[in-house]
Amino acid sequence: MSTQIRVRFAPSPTGYLHVGGLRTALYNYLFAKHHDGKFVLRIEDTDQARRVEGAVENLIATLDWAGIRFDEGPGRDGGYGPYVQSERLEIYRKHADDLIKKGFAYRCFCTPERLEEIRQRQNAAKLSTSYDRHCRDLAADEVERRLNAGERNVIRMKVPLEGVLTFEDIIRGTVAIAHEVLDDQVIIKSDGFPTYHLAVVVDDHLMAISHVIRGEEWLPSTPKHILLYKFFGWELPKFAHLPLLLNPDKSKLSKRQGDVAVEDYRSKGYFKEAIVNFVAFLGWNPGDEREIFSLEELVREFSLERVGKSGAVFNVEKLNWLNFEYLKRMPEAEVLRLLKAYLAQSPYAGQLLDDHFLLSVIRAMRERATFIKDLVEKSPYFFERPTQYDQDVVKKRWKPETGSQMKRLLEEFAQLQNPGKEHFESALHKAAESLQIKTSELIHPLRLAVSGVGAGPGLYDILAIIGKEETIHRLSAAIEKLQ
RNA sequence: GGCCCUAUCGUCUAACGGUUUAGGACGCGGCCCUCUCAAGGCCGAAAUACGGGUUCGAGCCCCGUUAGGGCUACCA
């Protein structure tokens, strides 16, 4: 059926998946799934100079990690392959030849040097830079002769000299550009590879793509693509140009102003659910006040009509909050699994830490953590004895009389049998009573003694987690310091 | 420079031309809770870029200005 929705994500394999690329892929995926359509992955590797080894595998792995599954693509044939452009060279050549035959394209023998020269001249004269169409009307026999002589050449599209090209964009509405500002774009390079412009049109048509959903940086070249569709006599797909993702200074999101690779965020400990949720909301929203969306919910609610027009700053603060929310909502068993994985490659890898213990750390620390690693890094005292005491807190909490008070506390604690949280609490109350001081005057110095710091989960929780023996050991060590 | 796109709190955004004293979220500040830090609850500061028009009525439509961005390659 020709009404089948087919979309594609078509990245260049330049090494990693950019977060902007992730959002483009996600929107394509959401749109396809929402409409029971197909999501195609196509690799645009027509620039040999920019090839990076392993980039395709990496791209697929990252998409897969994010939960964005393609229906067709490299290694997953759906009858429209191959899905890697470098494997489709013959197809592009054939189509370029067709265009020449029909008079919509021509051979150009201009050297890069000549091109550079005219560009310079145009720049100096403050004119817009474009090819001067020197070879546009070369005689057929001259073309033949130079071709036979083996002269290097490219194929250019023959853009009409006048008229205005108008097209509809789902997100932007009507866009109009005059033919005269369009360049006679190269469609086949001298190395025989197609440029993006030819390849994208040929492939989108041959792969029966119904909607081209891509970044706004492609908006200015869309008229060239439309011209090619017209030259071929093909039906146009629908276009939707997504707003750009921006740096805090509002320029196009780029390296050098922070991390742009999805892998960077992954390795920092962001959950895929948080990243997907976050990126989905950069340019789209459900229209109400809900903010937490699973991939499935996004599929259900997504529509291109609700995608905004203006660029969105990639705001890490909000991503952090989302990660925090996801950590808070995650089932304990899952947090435990992730914590163990983290611990296994941490300095504490050698320690025997049972699930019961780790679960209690999770319960104590979860609402204080944004990342799994925070569970450990923000409370190292659950994993090792304090090696030093926070001096600011020492000044505030350890008074001359603290030493003897701590001794009194130690005596109470020593009598406890298998104490739990409440037992520590009542023992401390007892000590405070006998010393005729407020419990807080014991709590703060003791917190410092057992944790080395002044902040963290409830004191009795800490004590119950580290246990009686460890509590006494740490308390004794602190008393020594106090004398 | 030329062409194209865009314009609501610092940021992400909501508001079928009238329900708007412009709503929510992040972040920020305050208060409550409290053994600290969090979490949670409550409260607060914070925006329709500017100028014209259309209309009974404009954040929303039109024009201009300004600002920002993208593109301007034998890169994508």
Side-chain angles (χ1 to χ4, degrees), chain A residues 10-14 44-50 108 110-112 115-116 119 122-123 125-131 152-156 169 171-172 175-178 180-183 185-197 199-200 214-223 241 243-244 246 248-252 278 281-291 308-322 324 328 364-369 378-379 393 396-397 425 428 438-448 451 453-460:
Chain A
S12 304
T14 51
E44 312 226 318
D45 61 344
T46 56
D47 185 2
Q48 296 185 296
R50 297 213 306 183
C108 167
C110 293
T111 62
L115 262 20
E116 180 55 28
R119 239 193 309 273
Q122 286 165 338
N123 268 331
K126 297 211 165 176
L127 294 166
S128 57
T129 53
S130 64
Y131 177 55
R152 278 179 83 81
N153 67 89
V154 300
I155 299 176
R156 290 181 183 271
D169 185 280
I171 294 170
R172 275 147 227 290
V175 179
I177 295 189
E180 60 173 329
V181 304
L182 260 26
D183 213 351
Q185 187 68 48
V186 171
I187 55 174
I188 296 280
K189 300 182 253 185
S190 60
D191 64 1
F193 277 68
T195 57
Y196 173 82
H197 308 288
V200 75
R214 73 226 307 186
E216 193 189 343
E217 68 268 29
W218 294 112
L219 192 59
S221 45
T222 301
H241 286 92
L244 261 17
L246 273 23
D249 73 356
K250 305 267 191 180
S251 57
K252 186 170 153 185
F278 175 64
F281 272 65
L282 255 21
W284 174 88
N285 73 83
D288 53 39
E289 283 164 7
R290 291 168 299 159
E291 299 230 57
K309 295 190 211 321
S310 51
V313 172
F314 190 92
N315 176 213
V316 183
E317 293 286 350
K318 189 131 188 184
L319 173 58
N320 288 342
W321 171 75
L322 270 171
F324 167 81
K328 213 163 58 174
M365 289 303 297
R366 219 215 272 239
E367 68 208 23
R368 279 161 254 264
K378 289 194 170 176
S379 55
V393 185
K396 192 173 174 196
R397 304 295 191 191
E425 182 165 4
L428 186 140
K438 287 187 293 186
T439 54
S440 64
E441 288 181 66
L442 289 177
I443 288 172
H444 296 297
L446 178 57
R447 167 188 296 284
L448 179 59
S451 74
V453 293
L459 175 70
Y460 307 120

With a non-hydrogen cut-off below 4.0 angstrom, is Arg119(A) in contact with a base, only sugar-phosphate, or nothing?
-> sugar-phosphate
Distance, P atom - from U65(B) to C5(B), rounded to whole angstrom = 14 Å
Anything under 30° is parallel, anything over 60° is perpendicular, the rest tilted; go ahead and classify His197(A) against Trp218(A).
-> perpendicular
Within the pair Thr46(A) and C75(B), is there a side-chain N or O less than 4.0 Å away from OP1 or OP2?
-> no
For Glu216(A) and C3(B), give me the distance from atom CD to atom P, rounded to whole Å.
-> 17 Å
Considering non-hydrogen atoms only, spot the tightest contact between Ser440(A) and Pro445(A) and give its length.
-> O-CD, 4.0 Å
Separation between the P atoms of U6(B) and A14(B), rounded to whole Å | 15 Å
Nucleotide A14(B), atom P - distance to CG of Asp288(A) in whole Å | 12 Å
Are any of the side-chain nitrogens in Arg172(A) or Glu216(A) under 4.0 Å away from the carboxylate oxygens of its partner?
-> yes
NA contact type, Val175(A), heavy-atom cut-off 4.0 Å: base, sugar-phosphate, or nothing?
-> sugar-phosphate
With the side chain defined as heavy atoms from C-beta on, Ser310(A) is closest, among A7(B), C71(B), C5(B), to A7(B)
For the pair made of CG in Asp45(A) and P in C74(B), what is the distance, rounded to whole Å?
-> 19 Å
Could you tell me which nucleotide pairs with A25(B) by Watson-Crick or G-U wobble geometry, both distances under 3.5 Å, or answer none if nothing does?
-> U11(B)
Spell out yes or no: do the side chain of Ser190(A) and the base of C74(B) have one donor N/O and one acceptor N/O closer than 3.5 Å?
-> yes
Using the C1' atom on both, measure G44(B) against G24(B) and round to a whole Å.
-> 16 Å
What's the verdict on side chain to side chain donor-acceptor pair (under 3.5 Å) for Arg214(A) and His241(A), showing C-alpha distance, side-chain angles and the deciding distance?
-> CA-CA 5 Å; Arg214(A) 73 226 307 186; His241(A) 286 92; 3.1 Å; yes
In whole Å, what separates the P atom of A47(B) from that of U21(B)?
-> 16 Å
Euclidean distance for C1', C9(B) against C4(B) (whole angstrom) = 29 Å
When you measure from the side chain of Glu289(A), which nucleotide among C74(B), C12(B), G23(B) comes out closest?
-> G23(B)
If G59(B) has a Watson-Crick or G-U wobble mate with both distances under 3.5 Å, name it; if not, just say none.
-> none
Options C74(B), A25(B), A38(B), nucleotide nearest the side-chain atoms of Glu291(A) = A25(B)
Value in whole Å for how far the C1' atom of C4(B) lies from CD of Glu180(A) = 14 Å
Which nucleotide, G68(B), C5(B), A76(B), lies nearest any side-chain atom of Tyr196(A)?
-> A76(B)
Residues Arg290(A), Asp288(A): salt bridge by 4.0 Å N-O rule = yes
Under 4.0 Å between a side-chain N/O of Thr129(A) and OP1 or OP2 of G2(B), yes or no?
-> no
Please tell me which of the listed nucleotides, C35(B), G27(B), C74(B), lies nearest to the side chain of Glu317(A)?
-> G27(B)
Answer for the Watson-Crick or wobble partner of C3(B), both distances under 3.5 Å, is G70(B)
What integer number of Å spans the P atoms of C28(B) and C37(B)?
-> 15 Å
Residue Thr195(A), side-chain heavy atoms: nucleotide from C37(B), C12(B), A76(B) that is nearest = A76(B)
With distance as the sole criterion, is a donor-acceptor pair present between the side chains of Arg152(A) and Ser190(A) under 3.5 Å?
-> yes
Name the closest nucleotide to the Glu367(A) side chain, picking from A38(B), C26(B), A76(B).
-> A38(B)
Please state whether the base of C75(B) and the side chain of Arg50(A) form at least one donor-acceptor pair under 3.5 Å?
-> yes
So what does Val313(A) hit on the nucleic acid, given a heavy-atom distance under 4.0 Å: a base, only sugar-phosphate, or nothing?
-> sugar-phosphate
Do Leu428(A) and Thr439(A) come close enough that some side-chain heavy atom pair is under 4.5 Å?
-> yes
Distance-minimising heavy-atom pair for Cys110(A) and Leu115(A) = CB-CD1, 3.7 Å
For A76(B), take OP1 and OP2 only and decide whether either is under 4.0 Å from a side-chain N or O of Lys189(A).
-> yes
Presence of salt bridge, Glu44(A) and Arg50(A), under 4.0 angstrom | no
Write down the distance between CH2 (Trp321(A)) and P (A25(B)), rounded to a whole number of angstrom.
-> 9 Å
Pick base, sugar-phosphate or nothing for Ala10(A), based on heavy-atom distances below 4.0 Å to the nucleic acid.
-> nothing
Using the C1' atom on both, measure C31(B) against G18(B) and round to a whole Å.
-> 38 Å
Does Lys252(A) have a side-chain nitrogen or oxygen under 4.0 Å from the phosphate oxygens OP1 or OP2 of C71(B)?
-> yes
Across the strands shown, which category fits Thr439(A) at heavy-atom distances under 4.0 angstrom: base, sugar-phosphate, nothing?
-> nothing
I would like to know whether Thr129(A) and Arg119(A) meet side chain to side chain donor-acceptor pair (under 3.5 Å); could you show each step before the answer?
-> CA-CA 6 Å; Thr129(A) 53; Arg119(A) 239 193 309 273; over 6 Å; no
What distance, rounded to whole Å, do you find between the two P atoms, one in U54(B) and one in U66(B)?
-> 23 Å
Which one, U36(B), C74(B), U6(B), comes nearest to the side chain of Arg397(A)?
-> U36(B)
Picking from A76(B), C37(B), U6(B), which would you name as closest to the side chain of Arg368(A)?
-> C37(B)
Comparing Asn123(A) with Gly283(A), nearest RNA chain B nucleotide closer to 5' gives the residue Asn123(A)
For Phe314(A) and for Lys318(A), locate the closest nucleotide of RNA chain B by heavy-atom distance; then report the residue assigned to the nucleotide nearer the 5' terminus.
-> Phe314(A)
Separation of C5(B) atom C1' from Lys250(A) atom NZ, nearest Å, is 15 Å
Give one of base, sugar-phosphate or nothing for Arg156(A), where a contact means two heavy atoms less than 4.0 Å apart.
-> sugar-phosphate
Answer with base, sugar-phosphate or nothing: what part of the nucleic acid does Pro457(A) contact at a heavy-atom distance below 4.0 Å?
-> base
Closest to the side chain of Leu459(A), out of G24(B), A7(B), C35(B), is C35(B)
Name the nucleic acid region contacted by Tyr131(A), choosing base, sugar-phosphate or nothing; use a 4.0 angstrom heavy-atom cut-off, strictly under.
-> nothing
Partner of C42(B) under the Watson-Crick or G-U wobble criteria, both distances under 3.5 Å, comes out as G30(B)
Short side-chain N/O contact to G40(B) OP1/OP2 from Lys328(A), under 4.0 Å | yes
Phosphate-side-chain proximity, Asn285(A) and A14(B), N/O vs OP1/OP2 below 4.0 Å = yes
Paired with U54(B) by Watson-Crick or G-U wobble geometry, both distances under 3.5 Å: which nucleotide is it?
-> none
Can you check the Ile155(A) CD1 to C74(B) P distance for me, whole Å?
-> 14 Å
Let me know the distance between CZ of Phe281(A) and C1' of A14(B), rounded to the nearest Å.
-> 12 Å
